[in-house]
Amino acid sequence: MTTTHQETRPQAAAKPVRWAADAVATMREGARLRLDYSAQSLWRVDRMIEELRREDPPYAAMEHVLRGLGAYAGEVVVRQTGGEWWATGGDHWVRTPDGRLWDPIDEARRCFTGHGSLRLLCRDATAGG
């Protein structure tokens, strides 16, 4: 029996990995936006959040979308750095191998208020300590 990459990941990764996959599917079907888990794809994600923000929807209507896009960005960081998801009290973070903690889901919320960037979070996270 072979184990997949997914099965060997820490339990904390289960929800954000699913949220990220859901966001990829939703963006592909709804917005015709292909997300490939590359750092470059986060430019498109930041632009998408900016476009959504300009439409001025209520935050509650955007919460799941932002969680998914933040989880997607976190998964990009995990794949680029070899980091891992950590969870406590319902919150999820990415811990990079240098020991730093990142909160891409909160960063997606900050993007929606005009004060964040998933692309820059990824750049900083992959730059090393």
Side-chain angles (χ1 to χ4, degrees):
M1 178 174 144
T2 59
T3 25
T4 64
H5 179 65
Q6 184 65 35
E7 291 168 335
T8 62
R9 307 264 318 256
Q11 184 59 35
K15 284 182 180 177
V17 167
R18 187 175 69 243
W19 297 334
D22 289 348
V24 168
T26 300
M27 290 298 121
R28 185 178 58 238
E29 294 158 18
R32 297 284 181 254
L33 182 66
R34 295 197 69 79
L35 300 177
D36 60 3
Y37 293 96
S38 68
Q40 294 79 12
S41 70
L42 295 176
W43 284 90
R44 295 189 296 273
V45 174
D46 277 349
R47 275 200 308 272
M48 171 65 68
I49 293 172
E50 175 62 28
E51 289 170 20
L52 292 169
R53 185 169 72 86
R54 276 196 233 118
E55 293 170 13
D56 201 28
Y59 176 78
M62 296 302 304
E63 201 163 0
H64 282 11
V65 172
L66 295 171
R67 182 185 71 186
L69 294 174
Y72 171 79
E75 197 51 23
V76 171
V77 171
V78 165
R79 292 177 185 201
Q80 298 271 323
T81 65
E84 62 183 343
W85 283 100
W86 285 56
T88 178
D91 291 326
H92 292 80
W93 297 283
V94 170
R95 184 174 189 268
T96 47
D98 58 17
R100 294 181 297 166
L101 289 173
W102 305 90
D103 191 344
I105 295 172
D106 187 58
E107 191 68 14
R109 294 179 190 123
R110 289 173 42 78
C111 288
F112 187 66
T113 64
H115 301 289
S117 168
L118 294 171
R119 175 183 59 83
L120 294 178
L121 177 136
C122 180
R123 185 199 67 190
D124 293 347
T126 57

**Q** Can you see which heavy atom on Gln80 is nearest to which on Tyr37, and at what distance?
**A** NE2-O, 4.2 Å
**Q** Under a 4.0 Å N-O cut-off, is there an ion pair linking Glu51 with Arg47?
**A** no
**Q** To the nearest 0.5 Å, tell me how far Leu42 CG sits from Arg123 CZ.
**A**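 Going from the CG atom of Leu42 to the CZ atom of Arg123 covers 12.5 Å.
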**Q** Rounded to the nearest 0.5 Å, what separates atom CG in Leu69 from atom CG in Leu52?
**A**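 Leu69 CG to Leu52 CG: 8.0 Å, rounded to 0.5 Å.
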**Q** Do you know which two heavy atoms are closest between Val24 and Leu35, and how far apart they sit?
**A** CG1-O, 3.8 Å
**Q** Quick one: closest heavy-atom pair of Met48 and Leu33, and the distance?
**A** CE-CD2, 3.8 Å
**Q** Of the non-hydrogen atoms in Arg100 and Asp124, which two are nearest, and what is the gap between them?
**A** NH2-O, 3.3 Å
**Q** Evaluate the side chain to side chain contact (heavy atoms under 4.5 Å, CB included) criterion for residues Arg119 and Cys122: first the C-alpha distance (whole Å), next the side-chain angles of each, then the deciding distance (0.1 Å), finally the verdict.
**A** CA-CA 5 Å; Arg119 175 183 59 83; Cys122 180; 5.9 Å; no
**Q** How close do Thr81 and Pro97 get, counting heavy atoms only, and between which atoms?
**A**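 For Thr81 and Pro97, the tightest heavy-atom pair comes out as O-CG, 3.1 Å.
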**Q** Measure the CG-CZ distance between Asp103 and Arg109 for me, rounded to the nearest 0.5 Å.
**A**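 That separation rounds to 7.0 Å.
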**Q** To check you understand the geometry: which heavy-atom pair defines the closest contact between Pro104 and Gly74, and what is its length?
**A** CG-CA, 3.5 Å
**Q** Is Val17 linked to Trp86 within one hydrophobic cluster, defined over Ile, Leu, Val, Met, Phe, Trp and Tyr using a side-chain heavy-atom separation of less than 4.5 Å?
**A**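 No, it is not one cluster - the side chains of Val17 and Trp86 are not joined through contacts under 4.5 Å.
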**Q** Is Trp19 close to His92 at the side-chain level, that is, under 4.5 Å between some pair of heavy atoms?
**A**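 Side chain of His92 against side chain of Trp19, heavy atoms only: contact under 4.5 Å found.
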**Q** Mind running side chain to side chain contact (heavy atoms under 4.5 Å, CB included) on Trp85 and Val94 for me, showing each step along the way?
**A** CA-CA 5 Å; Trp85 283 100; Val94 170; 3.8 Å; yes
**Q** For residues Phe112 and Val65, determine if any side-chain heavy atom of one lies less than 4.5 Å from a side-chain heavy atom of the other.
**A** no
**Q** Looking at CD1 of Ile105 and CH2 of Trp93, how far apart are the two atoms once the value is rounded to the nearest 0.5 Å?
**A**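 The CD1 atom of Ile105 sits 10.5 Å away from the CH2 atom of Trp93.
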**Q** Using a strict threshold of under 4.0 Å (side-chain N to carboxylate O), is an ion pair present between Glu63 and Arg67?
**A**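 Salt bridge between Arg67 and Glu63, a charged N being under 4.0 Å from a carboxylate O: no.
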**Q** What is the distance from atom OG of Ser41 to atom CG of Asp36, rounded to the nearest 0.5 Å?
**A** 5.0 Å
**Q** Check the pair Ile49 / Leu118 against side chain to side chain contact (heavy atoms under 4.5 Å, CB included), numbers first and verdict last.
**A** CA-CA 10 Å; Ile49 293 172; Leu118 294 171; 3.9 Å; yes
**Q** Mind checking whether Glu107 and Trp102 have side chains closer than 4.5 Å, heavy atoms only?
**A** no
